[in-house]
*Asks:* 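Submitted below is the structure of interest, expressed as structure tokens.
Just so it is clear, the values below take in all heavy atoms, side chains as well, and ignore hydrogens, waters and symmetry mates. The chains referred to below are lettered A, B, ... by the order of the sequence lines, with proteins before strands, and numbering in each begins at 1.
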Amino acid sequence: MAPASKLITLSEALNRYVPDGAEIVMGTSLETLIPFAAGHEIMRQRKRNLTLIGPISDILFDQIVGAGCVGKIRAAWVGNVITGSSYNFRRAVEGGDLKMEDHSNLTVAMALKAGAMGVPFMPALTGLGSDLFKTNTSLKKITCPFTGKTLTAVSAINPDVAIIHAQRSDEYGNAHFWGNLGVTSDACLASRYIIITAEEIVSPDVIESDPNRVITPGFRVSAVVHAPWGAHPSPVPGYYNRDHNAFIEYRSNSKTPQKFEKWMRDWVDNVKTSDDYIRLLGNERVVKLKLINHLLSEPVDYGY
Amino acid sequence: MAPASKLITLSEALNRYVPDGAEIVMGTSLETLIPFAAGHEIMRQRKRNLTLIGPISDILFDQIVGAGCVGKIRAAWVGNVITGSSYNFRRAVEGGDLKMEDHSNLTVAMALKAGAMGVPFMPALTGLGSDLFKTNTSLKKITCPFTGKTLTAVSAINPDVAIIHAQRSDEYGNAHFWGNLGVTSDACLASRYIIITAEEIVSPDVIESDPNRVITPGFRVSAVVHAPWGAHPSPVPGYYNRDHNAFIEYRSNSKTPQKFEKWMRDWVDNVKTSDDYIRLLGNERVVKLKLINHLLSEPVDYGY
Amino acid sequence: MATDTDCCTLSELMVVAAAREIADREVVFVGMRLPLLGFLLAKRTHAPDAVGIYELGIVRDSPAPEPILTMGDLPNLFKAKWLSDTSDVMGLLQNGTIDVSFIGGAQVDRFGNLNTSYIMSSEKLATRLPGSGGACDLAGLSKRHIIIMAHEKHRFVTKVDYITSPGYGNGAGWREKAGLPRGGPSAVITSLGIMRFDPVSKEMVLVSIHPDVTARNILDNTGWQLKISDMLEKTPVPTEYELKVLRELDPEGYWTGS
Amino acid sequence: MATDTDCCTLSELMVVAAAREIADREVVFVGMRLPLLGFLLAKRTHAPDAVGIYELGIVRDSPAPEPILTMGDLPNLFKAKWLSDTSDVMGLLQNGTIDVSFIGGAQVDRFGNLNTSYIMSSEKLATRLPGSGGACDLAGLSKRHIIIMAHEKHRFVTKVDYITSPGYGNGAGWREKAGLPRGGPSAVITSLGIMRFDPVSKEMVLVSIHPDVTARNILDNTGWQLKISDMLEKTPVPTEYELKVLRELDPEGYWTGS
């Protein structure tokens, strides 16, 4: 009675669960664990007319926009966390090629929580007095039935797919996720399909030794992909630090459409596997990003 | 710049943070980690006119009701999980001495989530078609501003105090909590004061080695109490199993007010400290309840 | 009246009937007491890949390693697939992920409405019961739910005193009008037989009679003129294997003893 | 125009001014870039017991063990007091637990409304900026917030093109009418000086001028007739100790270099 393995390749996972026009939530823990490898596969597959959802995305959304895959973004912030504005995104919005639904971090979190909880909206106090209401039709003002006060109602978001990069997963989709959690849990529960990309594939025993560390129930997960260094250049707690230089370099490599094209050829299209990517990074960079100061969690006992 | 310790005695904690008339949430992980020791101190201090809040309480609420401390209960279920109805509660409601606000587990969870999120209500699909609306004025029917459908609005609950039994805490209120989590996190964040009773007081190093395991931020905690066996007879993951016999015995020990009086004298009023309680339990029982089959969590690395 | 039969106790018969309501791979919101055993039995027999969800914040897809009396027992947490918040698992229920759930009842009416809160006697409160727990949530939000209870005339009433857990209200269309997104009771397993609901009128219909019980017994113990199916069956007795497993799950007969 | 002074860079001056807005024991919602450094500096100097909340889901009360460029850097997770969900920490913000927060801005108006979304030019979109992130939340829900930005005429406008993060709207009473539960900007720290808000009219008032800057410079770089306080001060330069700590926090001068 062994259940079926969900372990497939990145290419197969995105072929199967991300059709053109899909609504995808990714980058759910904000600055950490951003699924860059999966994002790059989306670019390689030349998906079209996607809707990207997330609180902030650091530079990943900018890259997918640059590849021409995106029709709409529902997010709080799109840019480069340490350098500011991002160029593909600016060009696309300013040129009228990209629809934007403007959120705040709290409204994205509430939209996904509504999706996860199976209710059509969540109330919030944020956004009042702002112009988000002008550029986001999924926000409405309502009157509280108990207090009579004005509230923001945030419409539920139920993405087609959540793409989550986790530290370790078994082949059935039970994945350990640690560090800051962002909106990851709600994003998974709100989505129809969940794709897990993981630094390591481990035995179910490892995962079962700590069920509180599991990010979403495995029976809800559709595909598991082994993707070492799959969140580079964002940091992965337990595995590697943030590669600041990659973010600084990307800024100049995306300044013009021509420069971006070259960057995409080198770092996306010419990369077929995790091994290719790690080779391209180079040993020196890889070694420099690895953890030096370790801090292991004190065990807890789940016995009886 | 060492912060002030919050470690005080159980008696002091309840004297300071639970005045007569207070609204208290407890039993937040439902069947596990129920703060019996704190509940018994409430009884010893002969608090009056309390409001008890929780999803289900197993027999703890029945005991506090029996001691005459309670004016109102806001809960989904009050009874004895393995034997059914509980007698003090029945007597009090049937005699008109106890007000009841009838919830479901989901409406309690949403009321506390609204409290935690700082919004006056949360929407839900539950309760519709039920008579909960007749015996719970904190539920109202509303129309969804996006879909036009009927929803249940659950009014926020912001208790005066959350009493949480945790496995281990440092003296500053940073506590590790594991197993099923129930409504514990939201109950803490919704409450004005938080009292942690813990099986063990540990050094901050232990807690800092695993910040994902912390149940609520320590700066929000008012008091920390060392209370070994403080959740008996409910189970504590990592420490001891459920004492089924205690629940079965309590059923007959609470059948009449006279029997309950005797039970309370023996198990509450004559017990002053954790040591008294453990002595009363007896070595044989204590040994039998301890974990035999251990399962330690696989460590994770929080380094850099 | 039904009693224990040659082969098994009445409780064993009911638990086995409950287990058979679960199909393999279904996602089951497991309640307390008899339903808990029914789920564990189904997992060990015909539904090995069923997933169990517990309102405490537990998801597991393997049986607990040791007999448990209630869902919060530590063996039920051991090697769970997910330990989380009540609101997370209630979200799974509310968003339509749960195929089937089980509810015990104190009072039920012809449309499967359940009361576990207040029993009235000439307009005055006679008995305060424990209340909903998760039952109201399960009855409203599962794709279907199954009621398990003792079959006695004072429990099977024309109209319940208080709707803790909605069934079909006053008949067809009522749930939709109330705003419930899905679901309704699909079976009532009692100490005498099994009832289902007419797909059009939503009224309870007797479909199966336990060993040594007659239709007359059941009508005498039901507070309204209970409809009887044209295809009335005998409730099949547990197989030897089912009984063997069940007795491993409840070795002391706490739940299923006579 | 202000430039780096003898003692320090302009960015260092701004970060030190930001740090001084934090009182000890306050709960601070820390933003990205300069405010992040300001918080870390305050912790290491006059506000050792301040608690930092980060929208990623981080609470910490000790400085990170190593310089960090952004809040998601792993040293900022190391020995954190709490690692949790964004909605949990946003709940702390929404329920009134946050004393002070910091926001960067691209365009601000006389009532402290901020735009980090759309810059228009003759009714057409000229520049798309990154958007709110958590800024709209912080501006709406902290007990007070502090704005940090470059002081240039095209950024200091009579009316912002888009309100990403509400200040005082069009003046007294506006926030209350909008339904905001509390808060408003308490200071604007720029590359030229420090502004606060008139307690009655809620209009921005110049209160402090950086070294080597004149009131004339500031008025010339402000798109409306900026009010000047009767008690106009000179912004105090950083102490040696503040500078020493700051240079440990940003050793390569990524944020605070000239």
*Asks:* If I measure from the heavy atoms of chain C, does Leu33(B) come under 4.5 Å with its side chain, its backbone, both, or neither?
*Replies:* neither
*Asks:* So which residue, Gly238(B), Gly96(B), Gly84(B), ends up with the most heavy-atom pairs under 4.5 Å with chain C?
*Replies:* Gly84(B)
*Asks:* Please determine if Lys124(C) and Glu94(B) form a salt bridge, counting it only when a charged side-chain N lies under 4.0 Å from a carboxylate O.
*Replies:* no
*Asks:* With a 4.5 Å cut-off on heavy-atom pairs, point out which of Ile68(C), Asn76(C), Leu141(C) contacts chain B the most.
*Replies:* Leu141(C)
*Asks:* If I measure from the heavy atoms of chain C, does Lys149(B) come under 4.5 Å with its side chain, its backbone, both, or neither?
*Replies:* neither
*Asks:* Show, in sequence, the C-alpha distance, side-chain angles and deciding distance for Arg144(C) and Glu26(C), and conclude whether the salt bridge (Lys or Arg N to Asp or Glu O under 4.0 Å) test is met.
*Replies:* CA-CA 11 Å; Arg144(C) 69 182 194 280; Glu26(C) 284 196 315; 2.9 Å; yes
*Asks:* Counting only heavy atoms closer than 4.5 Å, note whether Asn241(B) contacts chain C via side chain, backbone, both or neither.
*Replies:* both
*Asks:* Which atoms of Val236(B) come close to chain C, meaning under 4.5 Å heavy atom to heavy atom: side chain ones, backbone ones, both, or neither?
*Replies:* backbone
*Asks:* Between Ile146(C) and Ile103(C), does a side chain to side chain contact (heavy atoms under 4.5 Å, CB included) hold up when you go through it step by step?
*Replies:* CA-CA 6 Å; Ile146(C) 288 138; Ile103(C) 306 178; over 6 Å; no
*Asks:* Please determine whether a side-chain nitrogen of the Lys or Arg among Arg168(B) and Asp210(B) lies less than 4.0 Å from a carboxylate oxygen of the Asp or Glu.
*Replies:* no
*Asks:* Applying side chain to side chain donor-acceptor pair (under 3.5 Å) between His103(B) and each of Asn136(B), Thr135(B), Thr126(B), report the one that passes.
*Replies:* Asn136(B)
*Asks:* Would you mind checking which part of Ala75(B) comes under 4.5 Å of any heavy atom in chain C, side chain (CB onward), backbone (N, CA, C, O), both or neither?
*Replies:* neither
*Asks:* Only pairs of heavy atoms separated by less than 4.5 Å count here; which of Val81(B), Thr32(B), Asp58(B), Thr150(B) has the most with chain C?
*Replies:* Val81(B)
*Asks:* Check whether Pro237(B) gets within reach of chain C through its side chain, its backbone, both or neither, counting any heavy atom under 4.5 Å.
*Replies:* both
*Asks:* Tell me, for Thr83(B) versus chain C, whether the close heavy atoms (under 4.5 Å) come from the side chain, the backbone, both or neither.
*Replies:* both
*Asks:* Mind listing the closest non-hydrogen atom pair of Asp109(C) and Val160(C) along with its distance?
*Replies:* OD2-N, 3.4 Å
*Asks:* Using a 4.5 angstrom heavy-atom cutoff, name the option from Asn80(B), Val183(B), Leu125(B) with the most pairs to chain C.
*Replies:* Leu125(B)
*Asks:* Quick one: of Pro166(C), Pro130(C), Gly57(C), who has the most non-hydrogen atom pairs under 4.5 Å with chain B?
*Replies:* Pro130(C)
*Asks:* Charged N to carboxylate O below 4.0 Å: is that the case for Glu249(B) and Arg285(B)?
*Replies:* yes
*Asks:* Heavy-atom cut-off 4.5 Å, strictly under: side chain, backbone, both or neither for Leu151(B) against chain C?
*Replies:* neither
